[in-house]
Amino acid sequence: MELQKILKRTKILESNFKNFDIDISNITCDSRQVEKGSLFVAVKGEKIDGHSFVGQVSEKGVSAVLCEVLPQNLKENVCYIKVEDTRQELSNVSCEFYDNPSEKLILTGVTGTNGKTTTATLLYKLFSALGFKSGLISTVENYVDTDVYPTANTTPGPLVINSLLAKMVEKGCQYCFMEVSSHSVVQKRIHGLKFSLGIFSNITLDHLDYHKTFQEYIKAKKGFFDSLDQDAFALVNGDDKNGMVMVQNSKAKVKTYGLKGFYDFNASILECGFEGMLLNICGKEMWSFLPGEFNAYNILAVYSAAVLLGQSVDEVLQTLSALHSVRGRFDIVNISKITAIVDYAHTPDALENVLNTIGEIRRESGKDNVLITVCGCGGDRDKSKRPLMAKIACRLSDKVVLTSDNPRTENPESILDDMYAGLENKDLAKAVRISDRKSAILSACMMAREGDIILIAGKGHETYQEINGVKHHFDDKETVSEILKGISKN
């Protein structure tokens with residue numbers, strides 16, 4: 001594509017070229033991916049500044065460089081373009097290079113601390129089942145109709161996003177459902193995309209290692225709704241105290257949903273068990289295979305979004321009732337009459353929601369069973385969550401095994417020390433610490449008896465454990481299944 005067209009949205013401050021009639025073969029912000037004919041965008045990252053590679057890529061046959069500071073030595077055959085914000089311009093040029101695919105799709109963004117993956121994935125499954133070719137950009141997997149693409153981030157960078165959206169357009173997709181992380185808003189990965197609908201699930205303590213304060217985290221989430229235009233819908237959880245904060249000053253048409261007030265879309269739980277729940281949604285009953293109040297919010301958000309996007313109420317309810325849970329979200333394994341639940345709960349609020357759901361189902365069943373929770377916290381991440389999660393696990397469980405999640409570059413024992421700091425004497429009697437995750441899951445399985453429940457929280461769908469920068473294969477569901485099968489044979 002000609003550079004002139006790629007720069008259509010870009011505000012140019014200075015350049016050594018007067019004409020931009022240059023053919024560009026690809027765009028990258030990774031110096032290792034530069035080739036002849038590339039446009040290199042120098043982005044200042046948290047650890048590495050792309051500007052330090054401008055000289056190197058100039059020797060590799062790059063055609064143009066987008067930067068915030070022009071280099072001292074300008075190569076005659078390289079077009080250097082100075083802009084104010086290369087992060088924003090990376091999104092702009094990505095949109096233009098892929099011919100603005102978001103404008104050719106009905107794009108829905110889902111943001112919030114918890115529920116993003118379930119909501120976005122259920123929307124993708126729902127619209128696919130309704131007969132629409134659709135796409136999904138999520139934490140677990142990316143889909144272009146039925147084609148699967150690997151995922152590295154909750155929300156990819158702008159080049160990957162626009163590449164996926166372009167593939168969806170080429171494949172004939174009409175809809176795309178996408179998780180929108182707070183990082184992606186602040187880092188302008190979604191800048192320039194046209195959203196038809198934005199959904200807010202909830203906001204609780206998370207990512208303070210990055211955003212530093214809860215107010216900055218709220219501001220990041222709110223930035224997504226600030227970017228919606230007047231033709232879009234903003235669908236917010238009215239039961240969350242920050243729900244309406246999200247849409248202050250938003251130009252979008254605001255709609256609300258919830259379980260505990262009078263909103264545009266309401267729901268209530270009529271019955272709930274491990275196998276699912278019966279809901280009343282806007283005066284109509286429906287069965288869902290997804291149990292728990294947190295899932296009632298997710299399902300209601302999906303229903304509300306589908307109706308706002310013009311789908312038939314009865315068709316939506318009927319199709320929703322046939323959908324099953326997302327991998328790693330309240331994912332149940334029943335072996336040897338022991339119920340193991342694998343869940344991605346990695347924040348205090350998510351852990352409390354899952355444990356409360358299990359507690360409610362136990363009370364309704366009237367059975368005298370034991371709840372054993374395996375819980376860990378990630379390394380190199382928000383440390384403030386650690387004592388809170390350990391405390392919640394002990395308060396709402398009969399027995400607790402505290403262990404490692406993805407320790408990354410931290411010593412797992414140091415992470416466990418932080419978790420233990422949240423425990424009182426009465427909690428200590430319930431808790432054991434086993435830093436090796438497989439040993440921790442084995443210990444929980446050995447404690448369990450017929451009819452007992454094991455919750456394995458934190459990693460959910462992940463199939464790896466990151467230790468000292470190396471990812472080792474590890475799957476919670478696979479691990480607990482193998483252990484329980486082994487126990488049942490003995």
Side-chain angles (χ1 to χ4, degrees), residues 140 273-275 289-292 324-346 350-351 354-355 357-359 361-362 365 367-379 389-390 392-394 396-408 412-413 415-416 419-420 427 429-468 470-490:
V140 180
F274 283 125
E275 69 283 356
F289 288 108
L290 287 69
H324 288 264
S325 63
V326 176
R327 182 159 60 91
R329 271 65 175 176
F330 215 89
D331 209 343
I332 295 176
V333 175
N334 274 308
I335 297 173
S336 192
K337 296 184 179 179
I338 293 170
T339 300
I341 301 167
V342 174
D343 195 272
Y344 189 54
H346 61 287
L351 182 62
V354 172
L355 286 169
T357 293
I358 296 170
I361 295 170
R362 289 171 73 200
S365 71
K367 294 179 181 177
D368 186 24
N369 47 24
V370 173
L371 171 58
I372 305 160
T373 296
V374 179
C375 174
C377 292
M389 290 183 69
I392 289 166
C394 287
L396 297 173
S397 311
D398 300 305
K399 298 177 182 179
V400 176
V401 184
L402 297 178
T403 187
S404 61
D405 188 310
N406 289 315
R408 299 183 178 90
E413 294 296 339
I415 298 171
L416 288 172
M419 295 181 77
Y420 257 75
D427 301 320
K430 290 183 178 182
V432 295
R433 58 188 287 167
I434 302 174
S435 61
D436 179 74
R437 192 170 182 88
K438 185 172 183 178
S439 299
I441 294 172
L442 174 62
S443 177
C445 291
M446 296 301 291
M447 292 179 195
R449 298 292 177 263
E450 186 177 309
D452 288 350
I453 303 159
I454 303 169
L455 171 65
I456 304 171
K459 288 179 60 58
H461 64 281
E462 293 178 350
T463 56
Y464 65 87
Q465 188 175 32
E466 187 178 338
I467 303 170
N468 291 324
V470 179
K471 288 186 176 181
H472 306 267
H473 176 75
F474 196 94
D475 184 317
D476 280 351
K477 188 173 182 178
E478 179 185 292
T479 301
V480 73
S481 298
E482 288 175 357
I483 291 170
L484 289 176
K485 284 175 185 175
I487 291 172
S488 68
K489 291 177 182 177
N490 296 329

With S435, which residues qualify under side chain to side chain contact (heavy atoms under 4.5 Å, CB included), at least two apart? P412, E413, L416
Using 4.0 Å as the upper bound for N to carboxylate O, is an ion pair formed by D331 and K477? yes
Where do I332 and F274 come nearest, in terms of heavy atoms and distance? CD1-O, 3.3 Å
Checking the side chain of R433 only, and the main-chain atoms of L402 only, is there a donor and an acceptor separated by less than 3.5 Å? no
Taking all non-hydrogen atoms of both residues, which atom of H346 and which atom of G458 are closest, and how far apart? CB-O, 3.8 Å
I454, V370, V432 screened by side-chain contact (heavy atoms from CB on, under 4.5 Å) with M447, the one that passes: V432
Beyond-backbone contact of D405 with I415, side-chain heavy atoms, under 4.5 angstrom: no
Distance, nearest 0.5 Å, that separates OG of S404 from CD1 of I467: 6.0 Å
Sorted by chain and residue number, the side chain to side chain contact (heavy atoms under 4.5 Å, CB included) partners of I483 (sequence neighbours excluded) come out as I441, L442, C445, T479, I487
Which pair of non-hydrogen atoms, one from I338 and one from L484, has the smallest distance, and what is that distance? CD1-CD2, 4.1 Å
For a side-chain contact (heavy atoms from CB on, under 4.5 Å) check, start with the C-alpha distance between L290 and F330, then their side-chain angles and the critical distance, and finish with the verdict. CA-CA 8 Å; L290 287 69; F330 215 89; over 6 Å; no
Quick check: do R362 and D398 have side-chain heavy atoms less than 4.5 Å from each other? yes
Taking all atoms of both residues into account, what is the closest heavy-atom pair of Y344 and K459, and its distance? CD1-O, 3.4 Å
Before you tell me yes or no, could you show the steps for L351 and L455 under side-chain contact (heavy atoms from CB on, under 4.5 Å), namely the whole-Å CA-CA distance, both residues' side-chain angles and the distance that decides it to 0.1 Å? CA-CA 10 Å; L351 182 62; L455 171 65; 4.1 Å; yes
N334 and T339 side chains, donor-acceptor separation under 3.5 Å: yes
Identify the two heavy atoms, one from I361 and one from P291, that lie closest to each other, and give their separation to 0.1 Å. CD1-CB, 4.3 Å
Reported CD1-to-OG1 distance for the pair I341 and T357, which is rounded to 0.5 angstrom: 9.0 Å
To the nearest 0.5 Å, what is the distance between CG on N406 and NE2 on H472? 10.5 Å
Is the shortest side-chain heavy-atom distance between V326 and H461 below 4.5 Å? no
Distance col, row L355:CG vs S397:OG, nearest 0.5 angstrom, shows 4.5 Å
Considering all heavy atoms, the nearest G460-D476 contact: N-OD2, 4.1 Å
Above 12 or not: heavy atoms from other molecules or residues under 6.0 Å from NZ of K438? no
V400 vs M419 side-chain heavy atoms within contact, under 4.5 Å: no
Listing request: all side chain to side chain donor-acceptor pair (under 3.5 Å) pairs with a residue in residues 439-455, at least two apart in sequence or in separate chains. D436-S439
Between T403 and I434 (side chain of the first, backbone of the second, donor and acceptor by atom type, cut-off under 3.5 Å), is there such a pair? yes
How long is the straight-line distance from CG of D343 back to CZ of R329, given to the nearest 0.5 Å? 7.5 Å
So, Q465 side chain and K471 main chain: donor-acceptor pair closer than 3.5 Å or not? no
Straight-line distance of E462 CD to D475 CG, nearest 0.5 Å: 10.0 Å
